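Just so we're clear, the structure is a prediction, and the values are computed from it rather than from any experiment. Because only heavy atoms are used, hydrogens play no part in the values below, and waters and symmetry mates are left out as well, while side chains stay in.
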Amino acid sequence: MSTLQNYESNKVSRKNITMTDDTLRELEFLAKLLGKKHSQIIQDLIHRESEIQHNELRLKTLKQMKGLFTGLIGQNQSIQTMKSERQL
């Protein structure tokens, strides 16, 4: 499913937003350049930024987990040694 189709399948709500004239000019520029409606451009930008932030949070969580699983096997041990030492 494409991103645009995903937007269209969601419930639609209307929110009025206020922006500076400079921002509005940039939005007009993007709309003409990309051949999209203002709302489509805003949606794309919001979803892209949201995805970036989610990925950064995931990366932060992974970095916090780094090192949590070390030390389970001693420095002078290996999985092969552990297997050979276990009793069957």
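Annotation: the span from Glu49 atom CD to His54 atom NE2 amounts to 10.5 Å, rounded to 0.5 Å. Taken to the nearest 0.5 Å, the CG atom of Leu27 stands 9.0 Å off from the OG atom of Ser39.
Side chains of Asn16 and Arg14 form a contact here, defined as non-hydrogen atoms less than 4.5 Å apart. Taking 4.5 Å as the limit, some side-chain heavy atom of Glu51 sits within range of a side-chain heavy atom of Asn55. Side-chain contact between Gln53 and Leu57 is absent, with no heavy atoms from C-beta onward closer than 4.5 Å.
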Might you work through the side-chain contact (heavy atoms from CB on, under 4.5 Å) test for Leu59 and Glu56, ending with a clear yes or no?
CA-CA 5 Å; Leu59 181 60; Glu56 286 184 14; 5.6 Å; no

Test side-chain contact (heavy atoms from CB on, under 4.5 Å) applied to Leu30 and Lys36, step by step:
CA-CA 8 Å; Leu30 288 172; Lys36 293 183 177 182; over 6 Å; no

Does the pair Leu34 and Asp44 meet the rule for a side-chain contact (heavy atoms from CB on, under 4.5 Å), with working shown?
CA-CA 12 Å; Leu34 300 173; Asp44 288 346; over 6 Å; no

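For Thr23, the side chain to side chain donor-acceptor pair (under 3.5 Å) criterion is met by Thr20, not counting sequence neighbours.
Clustering ILVMFWY residues whenever any of their side-chain heavy atoms sit less than 4.5 angstrom apart, transitively, puts Ile42 in a cluster other than the one holding Ile52. Transitive grouping of hydrophobic side chains (ILVMFWY, heavy atoms separated by less than 4.5 Å) brings Leu24 and Ile17 into a common cluster.
Gln40 places a side-chain N or O within 3.5 Å of a backbone atom of Lys37 that can act as its donor or acceptor partner.
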